[in-house]
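The first residue in the sequence is number 1, and the count goes up from there.
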Amino acid sequence: MAAMAFSSFFVAAIILSFPPSVFPSPDVPLYDYSAYTQCKLEPEDPLYDGGILKNEAATMQLIAEDDGTTASWPAFVLPNLPPSTFFSFSGWIKISGSNSSLITARLMPGNSCVGTVVARQECWSFLKGGFYINSQSNPSILYFQNNDDKEIAITISSASLQPFTKEQWSFQQQYKINTERKRAVTIHVSDKQGTRLKGAAVRVEQVSKDFPFGSAINNNIIGNLPYQKWFVERFNAAVFENELKWAATEPKQGVNNYTLADKLLDFVRANQIVARGHNIFWEDPKYLPPWVLNLTNPELELVVKRRITSLMTRYKDEFVHWDVSNEFLHFNFYEDKLGKNATFEFFKAAHDADPLATLFMNDFNVVESCRDVNSTVDTYIEKMRDLRRFGVWMDGIGLESHFEVPNLPLMRAILDKFATLQIPIWLTEVDITNKLGQDTQATYLEDVLREGFSHPSVNGIMLWSALNQKGKCYQMCLTDTNFKNLPAGDTVDKLLKEWQTGVIQSQTDDHGAFSFYGFLGEYTVIASFGGKTTNSTFSVSKSDETRHFSIQI
């Protein structure tokens, strides 16, 4: 009961930090993270009791296509949608006329993608997505389109559209950060006889973070002390931009060169940084060693085995993850050459070589948007399930997260669906397109990072912001060549400070105790009383219960 009361106190503190109008009333509930990835014989009840679509049925509407033609699709006509509002949409979809088909929910005007689902005719499939309205449009039309060239009838059941103001959306993020990324802690101070000491001075400091938050690095950081200092002061995780890729380690057949990768590994080891292994195989032939493209199939099979053996033997137990199959949803070089079981064989061999590493698929355009029919959430999940049927071990979900204009309700909805698999989810290559100005990049980066960090099923975040020798980055730099922060770097620093407990100094109460609410990680504590001082360390791991720690003076 004490733990529950203490947690309730901090939930109340969250609420009090927002204006009264922000806290969801009974008419505006907290966001519902429910999602389903199994096709069901009957649809579930609508989320939010339908929201603003309560008791409404879709009607057929004539929609102008991009090519100038018109087609009739089931749709909801939405008059007077308020501007500056997030909308979470969900519904159950069933089709007739085909065994399965990709169905896309779109919003007019603008024809923006709201969400997708692979629907079937024998059961109901759950579509979850959303959109943000910046300015008022009257009316808007939410319609459902068949992406295949087939005559298919689409039926929608249990549809729901729930609006959230910006303040309500931010409240939900902060609520989840405080309840998922932090924990109640009580420190008890006593003397050697166990007598509780009232008024003891207590100083607590978080010295490391449990949540992995990092960035890509490349060989430019080797021997570059200012860059190393800037990186280590911020990040507890890293991924090598290119140095582990096949084209970098074996540019000439039979001649492996791991010099740069070894030096980067020395850097992360020296600074106790968690590192991801990226990647074993890249499905896009454009990024393979050129000599690989000319091999016969038997020759390719042989060098693939050698690649796994060489890489995984050298770096066994060094990397927490391996991206085994990179961009498998978009390209299939190895499957075309070696058969449809090639990726399964990759995962099996990688697991056998390094049983403790979590093995990931990794792909783009999954959470960034739903325009790419190759990388919908359902397509990704089906690939994962195919691998599971072959017995793949310790799989993880890698979402590259190369954003243009983020659609936060869609991003959250896709994460909700992935969460149903109950396996690790990482945002592996986060950046914002350089088609935008640096200030806009920083604004959108903050949106994406808050959404990722606040989602309870995201296990780690990696930025794709390695700075090369020319002072350039793939899309988004955090700093200039003198390691002065650019706007995106300032955003990262602001969030890192916000997501750390920092130093807390106080005194014990009448019971010799001091309580606080801290981010998960490692802490030092110094207690002083009557001219005596002692110090210790303790960890705060995830739990719904209060963490109790005793220290004697």
- May I have all residue pairs that pass salt bridge (charged side-chain N to carboxylate O under 4.0 Å, His left out) and include part of residues 86-106, sequence neighbours excluded?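 For residues 86-106: none.
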- Could you give all pairs that pass the salt bridge (charged side-chain N to carboxylate O under 4.0 Å, His left out) test and reach residues 52-64, with sequence neighbours left out?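 Listed once each, the pairs are Asp49-Lys54.
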- Message: Any carboxylate oxygen within less than 4.0 angstrom of a Lys/Arg side-chain nitrogen, looking at Lys383 and Asp386?
- Response: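 Looking at Asp386 together with Lys383, the answer is no, because their closest N to O distance does not fall below 4.0 Å.
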- Message: Between Lys337 and Glu283 (salt bridge meaning N to carboxylate O under 4.0 Å), is one present in this structure?
- Response: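 Not counted as a salt bridge, because no side-chain N and carboxylate O are separated by less than 4.0 Å.
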- Item | Pairs meeting criterion disulfide bond (SG atoms under 2.5 Å apart) with involvement of residues 60-118, two or more places apart |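 As it turns out, the disulfide bond (SG atoms under 2.5 Å apart) pairs with a partner in residues 60-118, which skip direct neighbours, are Cys113-Cys370.
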- Given the side-chain rings of Trp499 and Phe211, with only the six-membered ring counted for Trp, is the space between their centroids under 6.0 Å?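 Ring-ring flag for Trp499/Phe211: false, centres at least 6.0 Å apart.
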My understanding is that only residues two or more places apart in sequence, or in another chain, count here; which of them pass ring pair (Phe, Tyr, Trp, His ring centres under 6.0 Å) with [X]?
{"X": "Phe240", "value": "Phe319"}
{"X": "Tyr444", "value": "none"}
{"X": "Phe346", "value": "Phe281, Tyr334"}
{"X": "Phe331", "value": "none"}

May I ask you to decide if [Y]'s main-chain N or O and [X]'s side chain share a donor-acceptor pair within less than 3.5 Å?
{"X": "Asn468", "Y": "Lys472", "value": "yes"}
{"X": "Gln162", "Y": "Gly50", "value": "no"}
{"X": "Ser34", "Y": "Asp32", "value": "no"}

Inter-residue atom distance [X].[atom1] - [Y].[atom2], 0.5 Å rounding:
{"X": "Tyr143", "Y": "Ser72", "atom1": "OH", "atom2": "OG", "answer": "12.0 Å"}
{"X": "Lys128", "Y": "Phe126", "atom1": "NZ", "atom2": "CZ", "answer": "5.5 Å"}
{"X": "Leu478", "Y": "Arg234", "atom1": "CG", "atom2": "CZ", "answer": "8.5 Å"}
{"X": "Glu327", "Y": "Asn362", "atom1": "CD", "atom2": "CG", "answer": "7.0 Å"}
{"X": "Ile95", "Y": "Ile156", "atom1": "CD1", "atom2": "CD1", "answer": "12.5 Å"}
{"X": "Trp426", "Y": "Thr428", "atom1": "CH2", "atom2": "OG1", "answer": "9.5 Å"}

- With sequence neighbours excluded, tell me which residues meet side chain to side chain contact (heavy atoms under 4.5 Å, CB included) with Thr69.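 Counting only residues at least two positions away or on another chain, Thr69 forms a side chain to side chain contact (heavy atoms under 4.5 Å, CB included) with Glu65, Asp67.
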- Message: I'd like to check the side chain to side chain contact (heavy atoms under 4.5 Å, CB included) partners of Pro79; sequence neighbours left out, ordered by chain and number.
- Response: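 Counting only residues at least two positions away or on another chain, Pro79 forms a side chain to side chain contact (heavy atoms under 4.5 Å, CB included) with Asn138.
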- Item | Residue pairs passing the side chain to side chain donor-acceptor pair (under 3.5 Å) test where at least one lies in residues 114-123, sequence neighbours excluded |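 Sorted pair list: Asn99-Gln121.
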- Residues forming a salt bridge (Lys or Arg N to Asp or Glu O under 4.0 Å) with Asp378, sequence neighbours excluded: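 Listed in chain order: Lys417.
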Would you list the atom pairs, donor with acceptor, under 3.5 Å between side chains in residues 402-414 and any protein atom, with sequence neighbours excluded?
residue : atom : partner : partner atom : Å
His402  : ND1  : Glu429  : O            : 3.2
His402  : ND1  : Asp431  : OD1          : 2.8
His402  : ND1  : Asp431  : OD2          : 3.2
His402  : NE2  : Glu400  : OE1          : 3.4
His402  : NE2  : Glu429  : OE1          : 2.8
Asn407  : OD1  : Leu410  : N            : 3.3
Asn407  : ND2  : Gly130  : O            : 3.0
Arg412  : NE   : Glu451  : OE2          : 2.5
Arg412  : NH2  : Glu451  : OE1          : 3.4
Arg412  : NH2  : Glu451  : OE2          : 3.1

- Kindly determine whether Phe164 and Phe86 satisfy ring pair (Phe, Tyr, Trp, His ring centres under 6.0 Å), including the steps that lead there. CA-CA 5 Å; Phe164 297 93; Phe86 296 95; 8.4 Å; no
- Leu127 and Ile93: which non-hydrogen atoms are nearest, and at how many Å?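 Taking Leu127 first and Ile93 second, the nearest heavy atoms are CB-CG1, 4.1 Å.
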- Could you check Tyr31, Phe453, Tyr33 and say which one makes a side-chain contact (heavy atoms from CB on, under 4.5 Å) with Lys176?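 Running side-chain contact (heavy atoms from CB on, under 4.5 Å) over Tyr31, Phe453, Tyr33 with Lys176 returns exactly one hit, Tyr33.
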- Item | Side-chain donor-acceptor contact under 3.5 Å, Asn365 with His330 |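 Distance-only check fails for Asn365 and His330.
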- Using the six-membered ring wherever Trp is involved, compare the ring planes of Phe144 and Phe89 and label them parallel, tilted or perpendicular (cut-offs 30° and 60°).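 Phe144 vs Phe89 ring planes: tilted.
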